[in-house]
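Read through the structure below, which is laid out as C-alpha cells, and then see the notes.
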There are 2 protein chains.
Amino acid sequence: MHDTQNPLPKSYCDACAIRNRAICADLDEREIALLNGIGRRRKLSAGEQLMWEGDEAVLVANVIEGVLKLSSHSADGKEQILGLVYPSDFLGRPFGKTSPYGVEALTDAHICVFERTDFDRFAREHPRLEHKLLERTLSELDRTRRWMLLLGRMNAEQKVASFLLEMAERLGTNQASGPETTVSLPLSRQQIADVLGLTIETVSRQLTRLRGAGAIDLPSRREIVLRDTADLESRAG
Amino acid sequence: MHDTQNPLPKSYCDACAIRNRAICADLDEREIALLNGIGRRRKLSAGEQLMWEGDEAVLVANVIEGVLKLSSHSADGKEQILGLVYPSDFLGRPFGKTSPYGVEALTDAHICVFERTDFDRFAREHPRLEHKLLERTLSELDRTRRWMLLLGRMNAEQKVASFLLEMAERLGTNQASGPETTVSLPLSRQQIADVLGLTIETVSRQLTRLRGAGAIDLPSRREIVLRDTADLESRAG
DNA sequence: CGTCTGCTTGATAATACTCAATTACCGTGG
DNA sequence: CCACGGTAATTGAGTATTATCAAGCAGACG
C-alpha cells in the first residue's frame, strides 16, 4: 500500500476521499509526497480506543472516514465528551507532551496517522500546513466555546434540541421531496448524555417528549427523524 | 507615543512588560519593528466593552495588563463567560469574519491592538509568529475543554472549589511564611456565577459553606484567602 | 450620615438525578 | 424463521440539588 521507498512517489493521497478538505488541501505535489512518506493508514473498529487521557501524545491523525469522540473523566468517574471528530477533521495534540483527552472510535473508521514528532517537524517546515492547522484549531475553539454555552446555561430540553439540530447538520440525510431529515446516530443514549452533561434517563425522557410533541420520530435506537425543524429550533433557544 | 514614521524604529516593544511571554517573543528586531508599526496601545477602563458578540472581527490584541472576559449569551439572555484573558494572552479572532463572543475589560487594562486584516497579513508572512499563535490556540483549546468537564459534570461545590484553585494559580499572592494564598478577584459574584454556569445565590452559599468549613476566608467582597488548599482540592474532585 | 448597589440569607419551587422495574431491540443459535 | 438471552432504552417514583423569588444586610461612596 505504501510507496515510501520511492523518493517522490505518486502518493495515494491523490485518491484520498478528504484530499481537498483536510489540512493537506493546500500542499503541492512534492509536499504531499513527503507527508505521505511519514503517514500511514489505519483502520479502527467501533469502540476501539486510539488514545487514553493523560497518555503521552505519540500520534496525530486525519480522519478519513467514521466518527470519533474525545472525552475526559471527572474525579468521580463521570464522563464528559469534549468533542466529536468527523471525516476531514484533524485529531490529536501537536506540540504537546500528553493527550488531554481520550479518543475512541464511535463507528468503524479510517484514519491517516503520523508520529507526532514527525508531524511536528513537518509542520514547522511547512508554514502552509501550519496555517491550515491554525485555522482549523481556531474554528474548533469557536465550536468548543459554543458548546460551553450549552453546558453552562441550557436546560435539558434546549440541550437535546440543540444536539439534534447539530447532528442533523453534520450527518443528516434529507428525504426526497419532504422537509424531514433523518440522522443515523453514531452515539448511544449514554454517549448523548455524556455529550450534553445529562443522565441517560433525562435524555430518554426528553426524546420521548419531543416525539410526543411531533417534533421528531424514533424509528430505531440509532435513528432519529427530524419532523419539525422550526419547532426544534425554537426549543433549542 | 508611536514612532511609526521612522522606517525601523527602536520599538517600544523593547520596554513591553510581556515582550518575552506574548506571541511576539520569538520575533527578531526587524520583525518587532514591523509589528510595532501596525499596532498601537490602548487603555481600557474596568467594565469597558472592546468587542460585541457577533460583530465584525475588526481587531485583535495582546493583553499587556489587566484581565478581560470573553462571553456569550443564550437565547433567553443568560450569560456564559467563555474564558478569562490575562497579561501576555492573545485576544480576538484572527482569520475570522465575526467575533463569536463579546470582550469586556474586568479591570482597567492595557492592550496592544492590531487591525485584524493587518495582523492576518503579518502572520501569514511570518511563520514564527503564526507558530506561536498556533501553540497558544492549542493550549487555549485544552484549557477550554477542561472547563467543559467542569460545566458538564461538576456540582456547585466542585465548581466553586475548582474556580478558587484556578484563580489562585493565576492571580494568587502567597503570604510570607504561611501556606495561605490571597486572591484579589477581578470578578463580581455574578461574574463568577457566569463563569461556572450557576446562579449568584448558589455561588454565595458555596462560599459561605467553604468559609464555615475553614477552607477559605472572605475579608472583603473582592478578596478570598485560601486557608486549606488540600481541602479545596479534595472538594474540587 | 444616608443611599445605593452588591452580596447574603431564607423559603419555596422546579428541574434533573438516583434507584428500580419494565420493555424493546438485536444478534445468536437452534 | 423463530425463540432466546443479553443489552440498551424507556418509564416510574421519590429525592436531591439548584434555581427562583423575596427580604435583609453591609460595604462603598457621595
Side-chain angles (χ1 to χ4, degrees), chain A residues 45-47 74 76-80 106-108 150-164 183-213 216-225 235-237, chain B residues 45-47 74 76-80 106-107 150-164 183-213 216-225 235 237:
Chain A
S45 306
S74 69
D76 37 340
K78 284 176 286 191
E79 177 161 341
Q80 175 65 50
L106 294 174
T107 65
D108 291 347
L150 177 143
L151 290 173
R153 290 301 190 200
M154 286 187 186
N155 62 29
E157 181 179 62
Q158 294 173 315
K159 286 179 174 182
V160 171
S162 299
F163 172 79
L164 293 177
V183 181
S184 224
L185 289 177
L187 303 149
S188 68
R189 293 289 186 274
Q190 181 60 59
Q191 288 166 337
I192 296 172
D194 292 339
V195 167
L196 300 176
L198 295 172
T199 58
I200 183 174
E201 295 95 332
T202 300
V203 171
S204 182
R205 279 186 248 272
Q206 290 299 330
L207 289 174
T208 310
R209 275 193 62 206
L210 289 174
R211 185 183 47 185
I216 62 171
D217 219 358
L218 302 165
S220 78
R221 286 179 175 178
R222 293 291 184 124
E223 275 186 320
I224 299 191
V225 180
R235 287 171 196 270
Chain B
S45 306
S74 68
D76 38 339
K78 285 177 284 187
E79 176 161 340
Q80 175 67 49
L106 294 175
T107 65
L150 177 143
L151 290 174
R153 291 302 190 199
M154 287 189 186
N155 63 28
E157 180 180 61
Q158 293 173 315
K159 284 178 176 182
V160 171
S162 299
F163 172 79
L164 293 176
V183 181
S184 225
L185 289 178
L187 302 150
S188 68
R189 293 289 186 274
Q190 181 59 61
Q191 288 166 337
I192 296 172
D194 293 339
V195 167
L196 300 177
L198 297 171
T199 59
I200 183 173
E201 294 95 333
T202 300
V203 171
S204 183
R205 280 187 246 270
Q206 291 298 329
L207 289 174
T208 311
R209 274 193 63 206
L210 289 173
R211 186 183 48 185
I216 63 171
D217 219 358
L218 302 165
S220 79
R221 285 181 175 178
R222 293 291 185 123
E223 276 185 320
I224 299 191
V225 180
R235 287 173 197 271

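Order of the sequence lines fixes the chain letters, A, B, ..., with proteins taken first and strands second; residue numbering starts at 1 for each chain. A quick note: this is a predicted structure, and the numbers were derived from the prediction, not measured.
In this structure, the side chain to side chain donor-acceptor pair (under 3.5 Å) partners of A:Arg235, at least two apart in sequence or on a different chain, are A:Glu157, A:Asp231. Considering only residues two or more places apart in sequence or on other chains, B:Ser74 meets the side chain to side chain donor-acceptor pair (under 3.5 Å) condition with B:Asp76.
Going from atom CZ of B:Arg205 over to atom P of D:dA16 covers 18 Å, rounded to whole Å. When rounded to the nearest whole Å, the span between CD of A:Gln206 and P of D:dA9 equals 17 Å. Rounded to whole angstrom, the span from the CD1 atom of A:Ile192 across to the C1' atom of D:dT10 amounts to 13 Å. The nearest whole Å value for the distance from the CG atom in B:Leu151 to the P atom in D:dT18 is 14 Å. Distance CD (A:Glu223) to C1' (D:dA8): 16 Å, rounded to an integer number of Å. Atom CD of A:Glu201 is separated from atom P of D:dG14 by 16 Å (rounded to the nearest Å). As a whole-Å value, the separation of B:Asp194 CG from D:dA19 P is 12 Å.
The side-chain heavy atoms of B:Ile192 and B:Leu198, taken from C-beta on, include no pair separated by under 4.5 Å.
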For residues 200-210 of chain A, please give each side-chain donor-acceptor pair under 3.5 Å, one per line with the distance, not counting sequence neighbours.
from	atom 1	to	atom 2	distance (Å)
A:Thr202	OG1	A:Thr199	OG1	3.0
A:Thr208	OG1	A:Ser204	O	2.8

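Counting non-hydrogen atoms under 4.0 angstrom, B:Leu207 reaches nothing in the nucleic acid. Heavy atoms of A:Thr208 sit under 4.0 angstrom from primed sugar atoms or phosphate atoms, though from no base atom.
When each of B:Thr202 and A:Pro219 is assigned the nucleotide of DNA chain C bearing its nearest heavy atom, the one mapping closer to the 5' terminus is B:Thr202. Heavy-atom distances to DNA chain C give each of A:Leu218 and A:Asn155 a nearest nucleotide, and the one nearer the 5′ end belongs to A:Asn155.
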Please list, pair by pair, any protein nitrogen or oxygen found under 3.5 Å from a nitrogen or oxygen in nucleotides 27-30 of chain D.
none

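Looking only at distances, a side-chain donor or acceptor of A:Arg153 sits under 3.5 Å from a matching main-chain atom of B:Glu79. Looking at A:Gln191, its side chain does come within 3.5 Å of a backbone N or O of A:Ser188 through a donor-acceptor pair. The closest donor-acceptor contact from the side chain of A:Gln80 to the backbone of A:Val195 lies under 3.5 Å. Between the side chain of A:Asp108 and the backbone N or O of A:Ala46 there is at least one donor-acceptor pair closer than 3.5 Å.
When the local axes at the two ends of the helix from C:dC1-D:dG30 to C:dG30-D:dC1 are compared, using 5 base pairs at each end, they differ in direction by 40° after rounding to 10°.
Distances from the side chain of A:Ser188 to the nucleotides D:dT18, D:dA9, D:dT11 place D:dA9 closest.
One finds no salt bridge joining B:Asp194 and B:Lys78 here, because no Lys/Arg side-chain nitrogen approaches an Asp/Glu carboxylate oxygen to under 4.0 Å.
Phosphate proximity of D:dT10 to A:Arg189: present, with a side-chain N or O under 4.0 Å from OP1 or OP2.
When DNA chain C is scanned in the 5' to 3' direction for atoms under 4.0 Å from non-hydrogen atoms of chain A, the outermost contacting nucleotides are C:dA16 to C:dC25.
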